[in-house]
Structures are given as C-alpha cells and as structure tokens.
Amino acid sequence: MTETVDVDEELLSIGAFAARSRLSAKALRLYDRLGLLAPARVDADTGYRYYRADQVERARLVALLRQLDMPLARIAEVVDAGDGAAQARLLDAYWAGVEARHASRRTLAGYLRGRLSGRSLEMYGKFTVETVDVPEQVVITESRHILADELPAWIGASLGRLEEGARACGGVTGSPFVVYHSEVSVESDGPAEACVPVADAAAARAWAAERGRARGTTVRVEPAMRLARTRITKAQVAHPQILAAFEAVEEWMRERGLTYAGPCREIYFADWDAAGPEDPVCDVAFPVTVAEAEAEPEPEPGVTAG
C-alpha cells in the first residue's frame with residue numbers, strides 16, 4: 001500500500017532513491033510488490049514511484065539483510081519488528097540457523113571427501129571409540145517405519161511425547177535413545193524405535209495402555225549390555241554424515257574381533273535445543289558380545305542405551 005504523503009515533503013524519484021539506498025530500481029519494484037518497501041507515492045498517470053528520504057534507512061537495512069542471503073519473508077519480519085532490540089533478536093535467530101547449517105555442511109563435506117578420496121581409515125580416525133557397560137532398564141517406546149528425511153522431526157516429537165509420559169511413571173532414569181531395527185535411509189524405512197528409560201514399570205504399562213495406544217506405545221525391559229560407542233557433535237548428527245560415525249564404530253569392532261549383539265542406536269544425552277553445532281550431544285553405539293570384548297570397563301553412571 002502506498003503511504004500518505006505531505007504534499008510539501010520533497011520526494012525522491014526511484015532512480016535517486018535507488019542510488020541512496022544502494023538498491024537497484026528492479027529490486028525496489030520487487031520489494032514494492034512483496035510489501036517490503038512501498039513507495040510513498042505512485043503517480044496515477046505515469047506509474048512513476050517516489051520515495052521519502054526517511055525511507056532510505058529501511059531500504060539499506062533490506063539491502064544488508066539480502067547480503068546475508070536472508071529470505072524475503074524473514075526480512076519482512078525483521079524490518080517490521082519495531083524496535084532495534086527486537087530486530088536484533090530476529091537476526092540472531094536467523095544467523096544461528098545459518099551457522100548450524102554451515103557446520104552440518106562442513107561435516108558432510110569432510111565425510112564425502114573421505115569417501116571420494118578413499119581415505120576411509122583416515123576419516124574413521126577422527127572418532128574416539130570405546131566400550132561402556134549399561135544396566136538393565138525399563139523403557140517406554142514408540143516405533144515407526146520412516147525414511148531418513150522424516151527422521152529428525154519424528155525423533156524430536158516421539159522422544160518429547162515419551163519423556164512427558166515418563167514423568168507420570170516415576171521420572172526419566174536415563175538418556176533417551178533411538179534403536180534402528182533395520183536400515184533407515186532415503187530408500188529404506190527401518191523401522192526405528194524411540195525409547196525413554198523410566199523408573200516405574202507398572203506405572204509405565206498403565207500409562208501406555210491409557211495414553212499411548214494410538215501411537216502403539218509399548219513398555220519393555222532392556223537387558224544389561226555392553227556398547228561400543230563414539231560421541232558426536234550436533235552438526236555430525238545430520239544424515240548422511242552421521243553414517244561416518246556408525247562406520248567408524250563398526251571398523252573399530254572389526255579390528256578387535258567384536259561381534260554384534262543387537263541393533264545400532266543413537267543415545268541423546270544433552271539438551272538438543274541449548275547445544276551449539278560443535279557441542280557433543282549424541283553417542284552412536286552398537287551392542288557387542290561381552291565375552292569377546294577386549295576390556296572390562298566399570299559401568300558408567302548415567303549412561304543409557306537400548
């Protein structure tokens with residue numbers, strides 16, 4: 001919508017305004033159509049656009065935000081936010097997402113570089129693998145056949161639902177985890193099983209029967225087991241770069257003659273929302289046969305697996 005203008009106020013032609021704002025006339029026309037930067041007046045006869053001098057600051061802000069590759073819809077949110085503090089908060093939120101995506105892509109590039117160059121062993125050497133013992137535990141679970149691109153949203157939602165249920169079952173007693181009973185990729189749909197350890201088995205069964213039936217929630221006992229694991233950052237969790245971590249653990253197991261004792265899993269031990277891209281958040285792990293394990297480590301307090 002064109003703004004109301006004081007007839008005595010000096011207006012700038014689109015060419016003059018473009019020069020001051022460092023935006024092209026073409027961009028100004030686009031931003032007008034999108035409602036980002038409406039001219040102060042449009043001549044009814046000629047269609048020429050005119051702008052006020054005090055619109056220059058908004059135009060320059062739009063131009064600078066475009067240099068950050070910010071989508072136009074996000075730019076509209078920033079410039080219309082009102083005060084500078086609110087605009088800064090929106091910018092911070094956008095840039096945090098940019099940095100997270102960049103960290104994820106950097107990790108992916110490293111994974112692909114190792115694969116393409118044939119330096120698999122060098123790539124696996126970036127991961128520290130160890131064995132840990134975990135105790136028997138009662139878990140409430142939710143399973144789904146799912147493809148890789150749907151997986152992150154489902155993991156967050158399902159673990160959130162199960163953790164809410166666990167609070168009614170004596171509380172969460174360990175780190176949530178996801179078990180992969182078959183391959184999950186862009187072509188294979190698992191299934192995957194989200195699991196949350198709980199304190200009270202009877203209460204968990206009652207909760208699953210009453211509240212979890214619609215999603216096929218179950219309660220089961222995970223036996224004590226030994227895990228071969230490696231710890232990864234938030235950026236490394238993204239698919240397919242997380243595959244490098246799984247492969248590193250498998251290579252480590254092969255070198256030591258360890259055998260699989262169950263399906264692989266991801267154990268989420270950190271606050272995902274509070275973590276930065278380079279913060280450790282997840283253990284990638286395989287159950288191994290205890291009798292063949294090289295070492296006999298002490299059980300690690302607070303470590304949970306499925």
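In this structure, Glu164 does not pair ionically with Arg161, as no charged nitrogen and carboxylate oxygen lie closer than 4.0 Å. A salt bridge is defined here as a Lys NZ or Arg NE, NH1 or NH2 lying under 4.0 Å from an Asp or Glu carboxylate O, and Glu278 with Lys234 fails to meet this definition.
Listed for the Ser158 side chain is no donor-acceptor partner under 3.5 Å among the backbone atoms of Glu142. With Gln55 contributing its side chain and Ala38 its backbone, the two residues share a donor-acceptor pair below 3.5 Å. Of the possible donor and acceptor atoms, one in the side chain of Thr230 sits under 3.5 Å from a partner among the backbone N and O of Thr128. Put simply, the side chain of Arg60 gets close to the backbone of Arg20: a donor and an acceptor are under 3.5 Å apart. With hydrogens and angles ignored, the 3.5 Å screen pairs a side-chain donor or acceptor of Gln87 with a backbone N or O of Val78.
The side-chain hydrogen bond (donor to acceptor under 3.5 Å, both in side chains) test applied to Arg49 returns Asp32, not counting sequence neighbours. Not counting sequence neighbours, the partners of Ala63 by the side-chain contact (heavy atoms from CB on, under 4.5 Å) test are Leu23. Among residues two or more places apart in sequence or in another chain, the side-chain contact (heavy atoms from CB on, under 4.5 Å) test is passed with Ala16 by Leu12, Ser13. Under the rule for a side-chain hydrogen bond (donor to acceptor under 3.5 Å, both in side chains), the partners of Asp43 that lie at least two apart in sequence or sit in another chain are Thr46. Judged as a side-chain contact (heavy atoms from CB on, under 4.5 Å), and not counting sequence neighbours, Glu57 has no contacts. Listed by chain and number, the residues in a ring-ring contact (aromatic ring centres under 6.0 Å, His included) with Tyr268 amount to none (sequence neighbours excluded). The ring-ring contact (aromatic ring centres under 6.0 Å, His included) check on Phe269 picks up nothing, with sequence neighbours excluded. A search for side-chain hydrogen bond (donor to acceptor under 3.5 Å, both in side chains) contacts involving Asp80 returns Arg58, not counting sequence neighbours. When the side-chain hydrogen bond (donor to acceptor under 3.5 Å, both in side chains) test is applied to Arg22, no partner is found at least two apart in sequence or on another chain. By the side-chain contact (heavy atoms from CB on, under 4.5 Å) test, His181 is found to be paired with Val179, Pro191, Glu193, Pro263, residues two or more places apart in sequence or in another chain being considered.
Within the structure, ring-ring contact (aromatic ring centres under 6.0 Å, His included) pairs that include any residue of residues 10-53 comprise Phe17-Tyr51 (at least two apart or interchain). Each ring-ring contact (aromatic ring centres under 6.0 Å, His included) pair with one or both residues in residues 78-106, not counting sequence neighbours, would appear here, but there are none.
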Please lay out, stage by stage, how Trp272 and Val237 fare under the test side chain to side chain contact (heavy atoms under 4.5 Å, CB included). CA-CA 11 Å; Trp272 181 269; Val237 169; 3.9 Å; yes
Practice problem: Report the C-alpha distance between Val129 and Glu251 in whole Å, list the side-chain angles of each, state the deciding distance to 0.1 Å, and finish with yes or no for side chain to side chain contact (heavy atoms under 4.5 Å, CB included). | Solution: CA-CA 10 Å; Val129 184; Glu251 178 64 24; over 6 Å; no
Please report the C-alpha distance between Arg256 and Val288 in whole Å, then the side-chain angles of each, then the deciding distance to 0.1 Å, and finally whether the side chain to side chain contact (heavy atoms under 4.5 Å, CB included) criterion is met. CA-CA 11 Å; Arg256 288 155 180 79; Val288 296; over 6 Å; no
* **From CA spacing to verdict: side chain to side chain contact (heavy atoms under 4.5 Å, CB included), Leu36, Leu72** => CA-CA 8 Å; Leu36 267 179; Leu72 294 176; 3.8 Å; yes
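Cluster membership for Leu30 and Val62, using ILVMFWY side-chain heavy atoms within less than 4.5 angstrom, is shared.
Side-chain contact between Leu227 and Ile267 is present, with heavy atoms from C-beta onward closer than 4.5 Å. Side-chain atoms of Leu91 and Leu68, non-hydrogen and from C-beta on, do get closer than 4.5 Å to each other. Two residues are said to be in side-chain contact when any heavy atoms from C-beta on lie closer than 4.5 Å; Val139 and Leu162 fail this criterion. Under the 4.5 Å side-chain criterion, counting only non-hydrogen atoms from C-beta, Ile232 is not in contact with Glu266. The shortest side-chain heavy-atom distance between Leu151 and Tyr180 falls under the 4.5 Å cut-off. Contact check for Val219 versus Trp207: no side-chain heavy atoms found under the 4.5 Å cut-off. Between Cys282 and Gln236 there is no side-chain heavy-atom pair separated by less than 4.5 Å.
Once rounded to the nearest 0.5 Å, the distance linking OG1 of Thr131 with CE of Met253 reads 11.0 Å.
Closest heavy-atom contact between Ala148 and Pro152: O-CD, 3.4 Å. When all heavy atoms of Ala59 and Ser21 are compared, the pair lying nearest together is CB-CB, 3.4 Å. Taking all atoms of both residues into account, the shortest heavy-atom contact from Ala166 to Val198 is CB-CG1, 3.5 Å.
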